[in-house]
Visitor: 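Just dropping this structure here.
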Amino acid sequence: MTLIQSLTRGAITRIMQGEYILNPVVQILNIDRVNPTKPDEEQYRLIISDGEYHCYAMLDIQLNQLHHYGLLSENTIVCLDKYTISMAGKKGFGNNQSIIFRLILNELTALNSGDQVQTKIGEPVTYENADTANSASTAPVLRGPEERKQSNNNYNSNDRTLKTKCNALTIPIASLSPFQKKWFIKARVVGKTRKYPYRGGRYFSMNLKDKSGEIRVTAYKEQCDKFYDLIVADNVYFFSNCHLKLANKQYSLKSDYEMSFTGETMVQLCDDEDNVGVPEIKFDLIPLSQVTNMENNESVDTIGICKEVGELQTVTSRTTNKELKKRELTLVDASNDPIVLVLWNNEAINFDGQVKSVILVKGSRIKEYLGHKNLNVGSGSILKINPDTPEAHKLREWFDNGGGNNISTMVSARTGGGSFSTDWLTLKDAYLRNLGSGEKPDYFQCKAVVYIVKQDNAFYKACPQADCNKKVMDEGNGHYRCERCNAAYPNFKYFLKVDIHIGDCTFNRRAICFGQTGEQLLKHTTQEIVEALENDPARAQKIFSDVKFSSHIFKLRCMNTFYEGTVRNMLYVQSINPLNIKEYNGRLIKELIEMTNGTA
DNA sequence: CCCCCCCC
């Protein structure tokens with residue numbers, strides 16, 4: 001004799017009120033095809049009963065086969081292994097408004113065939129005002145605690161079957177809705193911001209992604225503190241008991257809803273075998289050379305070899321006055337255009353890669369400064385050092401075979417527009433090419449020797465504002481007027497403007513070292529230099545003459561200036577880098593080979 | 001409940 005499974009009485013009411021029930025057992029009262037006249041839209045609609053109520057449910061088209069095999073005939077008893085409920089629309093107005101839900105059966109197991117059962121169990125009635133027209137049923141809008149009562153949850157207990165339970169209750173992100181209260185999602189953290197302060201606390205947010213979609217979730221205050229370090233970008237977790245709300249369309253393009261953590265929120269790490277079916281992060285890698293063609297603030301995925309690792313630096317934010325840590329890496333790839341990648345704060349402090357490491361970044365932000373662009377690893381970016389990917393191995397092989405050897409020697413083939421920090425030119429070529437005659441300044445670098453350093457007017461009285469170095473007018477009454485700020489100050493600061501002459505084997509040019517580059521050239525602080533020039537001529541003489549005939553790699557900004565009716569083409573020193581003879585000779589040899597078509 | 005992604 002066959003055991004007929006009993007139905008899960010009350011299941012339909014609970015499902016329609018947003019509860020996720022594990023494996024409810026229901027009976028199929030009817031199955032028919034939607035749109036029977038359209039051959040390519042084969043979809044089935046069922047009426048299911050829990051013995052108390054019945055309602056419509058749509059069969060996931062993936063399960064059509066079950067019906068073809070005759071497994072879903074009238075009176076069949078099935079277990080709903082997985083179902084989703086979505087909002088199909090609204091009905092009525094104001095207080096009479098109700099939500100139309102659509103119940104979709106995604107996975108089910110037939111327990112007793114229709115033939116075995118033979119009859120309808122119980123006297124089920126239509127659930128509420130079941131919508132008959134369009135394969136949906138309705139439920140009242142959930143209001144107040146009465147309707148939102150929760151059943152016991154024991155996710156936080158040390159349940160050994162927790163994982164199994166998580167998996168069983170997992171629904172796709174795309175089917176999340178505020179009307180379904182009990183669910184798990186299994187998702188990869190694809191972006192995680194830093195902690196941001198806001199009135200009343202701190203928050204961070206991240207995007208969660210599974211194969212069905214993506215949703216943003218934000219953790220505030222206690223939840224921010226509790227989960228921030230626990231959640232690592234790129235890991236896969238089960239999430240449950242988050243609060244869902246309609247997303248602000250202005251900011252959210254990925255999903256209709258977004259979530260926030262609550263006191264009840266549970267996050268459970270998925271181990272590798274659970275990750276199956278959760279897609280890996282996709283990197284849309286672009287060649288580094290392409291960055292220069294992209295817009296400021298655009299976000300890109302890049303991979304490159306770390307050719308240089310800069311020192312940890314401390315800078316002060318102009319806007320917040322806060323101290324920031326930063327570290328610059330120089331990345332190269334086969335596109336032969338080195339680019340600087342800037343790491344900030346913890347990422348800068350804890351960076352444990354080195355020269356030759358492969359650096360993969362998702363979502364680095366392009367920043368433009370003085371005509372050239374670099375990449376910033378910001379919050380929301382994902383940085384990987386020596387990832388185990390085909391691209392990474394290929395890049396490493398290229399580099400190990402000498403791919404990056406002459407990379408700093410590459411002269412960019414681009415013409416027009418601004419030139420780039422990597423362009424090497426002789427002083428004569430820079431002159432012959434009319435660099436700096438366009439609207440925007442041009443940039444180039446060259447090896448040159450310093451042969452005149454002028455002591456006269458090597459500094460001036462400048463606006464005391466940190467972000468303004470404009471020369472001030474001494475008003476003679478103890479006030480100093482800054483034209484740029486349009487303000488008078490009781491004080492000023494000294495600012496360097498060191499006039500130098502530099503030369504390479506082709507040409508001599510005058511160039512100006514402002515501020516920090518002046519300090520760098522003279523190897524003393526502004527204060528020391530001013531002090532010497534004003535009070536200690538011998539010392540000043542030594543500081544200035546020590547620099548004479550030293551060679552450096554100069555990065556120069558070239559632009560036309562208009563002064564008293566005449567145009568002057570000026571060079572401003574952007575940075576001074578030590579001359580590495582070996583590297584520089586390598587560059588010259590490469591250039592010779594190119595000039596002689598490889599016959600040299 | 002945020003939605004600024006940092007520096008010269």
Side-chain angles (χ1 to χ4, degrees), chain A residues 191-207 215-225 228 233 242-255 257-263 265 295-300 310-329 340-349 361-383 421 441 443 462 465-470 495-496 513-520 526 555 557 572-577:
Chain A
K192 179 186 155 202
T193 69
R194 65 178 175 88
K195 289 182 190 174
Y196 290 104
Y198 77 102
R199 55 186 179 79
R202 280 133 74 82
Y203 75 93
F204 77 97
S205 68
M206 60 196 160
N207 282 343
I215 191 165
R216 204 177 96 107
V217 50
T218 308
Y220 298 96
K221 299 176 191 170
E222 300 84 25
Q223 280 80 257
C224 173
D225 298 334
Y228 188 80
C242 301
H243 173 76
L244 261 101
K245 62 160 193 166
L246 274 174
N248 184 339
K249 279 289 163 194
Q250 196 187 335
Y251 304 110
S252 175
L253 306 162
K254 300 266 170 67
S255 155
Y257 299 112
E258 57 185 41
M259 308 198 291
S260 51
F261 279 7
T262 71
T265 292
E295 295 295 314
N296 191 28
N297 282 327
E298 237 180 297
S299 169
V300 291
E311 296 293 312
L312 186 65
Q313 301 171 52
T314 304
V315 294
T316 308
S317 163
R318 202 195 275 181
T319 41
T320 62
N321 252 340
K322 272 194 179 153
E323 219 177 58
L324 307 165
K325 298 286 183 199
K326 67 173 257 198
R327 187 193 298 277
E328 293 184 354
L329 311 179
V340 169
L341 178 77
V342 186
L343 310 184
W344 293 96
N345 301 322
N346 284 340
E347 207 115 36
I349 297 164
V361 189
K362 177 153 191 82
S364 66
R365 199 169 287 267
I366 295 173
K367 286 282 155 196
E368 187 170 359
Y369 180 66
L370 293 177
H372 67 264
K373 293 183 176 119
N374 63 25
L375 298 171
N376 273 248
V377 176
S379 97
S381 304
I382 296 175
L383 180 137
S421 59
Y443 299 85
Q465 295 292 84
D467 52 352
C468 179
N469 300 316
K470 181 86 178 155
F495 200 73
L496 292 182
C513 296
F514 277 108
Q516 193 219 321
T517 51
E519 293 188 333
Q520 210 181 332
T526 299
K555 288 194 177 172
R557 179 174 52 178
Y572 298 98
V573 177
Q574 293 283 121
S575 73
I576 303 170
N577 295 305

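Lettering follows sequence order; numbering is per chain, from 1.
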Visitor: Ignoring backbone atoms, test whether A/Lys367 places a side-chain nitrogen or oxygen under 4.0 Å from the OP1 or OP2 oxygen of B/dC8.
Guide: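 Checking B/dC8 against A/Lys367, no side-chain N or O comes under 4.0 Å of OP1 or OP2.
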Visitor: For the pair made of OH in A/Tyr198 and C1' in B/dC5, what is the distance, rounded to whole Å?
Guide: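 Checked: the OH to C1' distance equals 18 Å.
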Visitor: Of the nucleotides B/dC2, B/dC6, B/dC7, which has the atom closest to the A/Val342 side chain?
Guide: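 That would be B/dC7.
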Visitor: Between A/Gln313 (CD) and B/dC6 (C1'), how many Å, whole number?
Guide: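 Answer to the nearest Å: 14 Å.
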Visitor: Under 4.0 Å: is that the gap between some side-chain N or O of A/Arg202 and OP1 or OP2 of B/dC2?
Guide: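 Checking A/Arg202 against B/dC2: no side-chain N or O falls below 4.0 Å of OP1 or OP2.
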Visitor: Using a cut-off of 4.0 Å on non-hydrogen atoms, how would the nucleic acid contact of A/Lys245 be classed: base, sugar-phosphate, or nothing?
Guide: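 A/Lys245: base contact, heavy atoms under 4.0 Å.
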Visitor: Tell me what A/Ser379 touches on the nucleic acid: a base, only sugar-phosphate, or nothing, going by heavy atoms under 4.0 Å.
Guide: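 Counting heavy atoms under 4.0 Å across all strands, the contact made by A/Ser379 includes a base.
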Visitor: Report yes if a side-chain nitrogen or oxygen of A/Asn376 is closer than 4.0 Å to either non-bridging phosphate oxygen (OP1 or OP2) of B/dC6; otherwise report no.
Guide: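 Affirmative; the distance criterion is met.
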Visitor: Ring centres within less than 5.5 Å and planes less than 30° apart: is that true of A/Tyr220 and B/dC1 in this structure?
Guide: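 Taking the rule of under 5.5 Å and under 30°, the ring of A/Tyr220 does stack on B/dC1.
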Visitor: Of the nucleotides B/dC6, B/dC1, B/dC3, which has the atom closest to the A/Arg194 side chain?
Guide: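 Nucleotide nearest to A/Arg194's side chain: B/dC6.
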Visitor: Counting C-beta onward and ignoring hydrogens, is there a side-chain heavy-atom pair between A/Phe204 and A/Gln223 closer than 4.5 Å?
Guide: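 Not in contact.
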Visitor: Round to the nearest Å and state the distance from A/Gln223 atom CD to B/dC2 atom P.
Guide: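 It works out to 15 Å between those atoms.
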Visitor: Do A/Lys192 and A/Tyr228 meet the cation-pi criteria used here (NZ or CZ under 6.0 Å from the six-membered ring centre, within 45° of the axis)?
Guide: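 Positive - A/Lys192 is close enough to the ring of A/Tyr228 and near enough to its axis.
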Visitor: Rounding to an integer number of Å, can you tell me how far A/Tyr257 OH sits from B/dC2 P?
Guide: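 It works out to 22 Å between those atoms.
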Visitor: Can you list everything that forms a side-chain contact (heavy atoms from CB on, under 4.5 Å) with A/Glu328? Sequence neighbours excluded, please.
Guide: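 A/Glu328: side-chain contact (heavy atoms from CB on, under 4.5 Å) contacts with A/Gln313, A/Lys326, A/Val340, A/Val342.
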Visitor: Could you check how far NE2 of A/His243 sits from C1' of B/dC2, rounded to whole Å?
Guide: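 Rounded to whole Å, this separation is 14 Å.
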Visitor: Closer to the 5' end of DNA chain B via nearest nucleotide, is it A/Thr193 or A/Met259?
Guide: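 Going by which nucleotide is closer to the 5' end, it is A/Met259.
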Visitor: Looking only at the side chain of A/Asn248 (C-beta and beyond, no hydrogens), which of the listed nucleotides B/dC7, B/dC6, B/dC3 gets closest?
Guide: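 That would be B/dC3.
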Visitor: For A/Tyr443 and B/dC8, give me the distance from atom OH to atom P, rounded to whole Å.
Guide: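 After rounding, the gap between these two atoms is 16 Å.
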Visitor: I'd like to know if A/Glu258 reaches the base of B/dC3 with its side chain such that a donor and an acceptor end up less than 3.5 angstrom apart.
Guide: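 Indeed there is one.
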Visitor: Rounding to an integer number of Å, can you tell me how far A/Arg365 CZ sits from B/dC7 P?
Guide: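 Atom CZ in A/Arg365 sits about 13 Å away from atom P in B/dC7.
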Visitor: In Å, rounded to the nearest 0.5 Å, how long is the span from NZ of A/Lys367 to CG of A/Asn296?
Guide: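 Reported value, rounded in 0.5 Å steps: 5.5 Å.
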Visitor: By the 4.0 Å heavy-atom rule, please label A/Thr316 as base, sugar-phosphate, or nothing.
Guide: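 Sugar-phosphate, no base atom in range.
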Visitor: Check the distance between B/dC8's P and A/Glu311's CD and give it to me in whole angstrom.
Guide: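 Distance, rounded to whole Å: 20 Å.
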Visitor: Quick check, does A/Tyr196 stack with B/dC4? I mean ring centres under 5.5 Å and planes off by under 30°.
Guide: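 A/Tyr196 ring does not meet the centre or angle cut-off for B/dC4; no stack.
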Visitor: Within a reach of under 6.0 Å around NZ of A/Lys249, are more than 12 heavy atoms found that belong to other residues, nucleotides or ligands?
Guide: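 Yes, enclosed.
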Visitor: State the NZ-OH distance between A/Lys195 and A/Tyr220, to the nearest 0.5 angstrom.
Guide: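 If I round to the nearest 0.5 Å, the distance is 15.5 Å.
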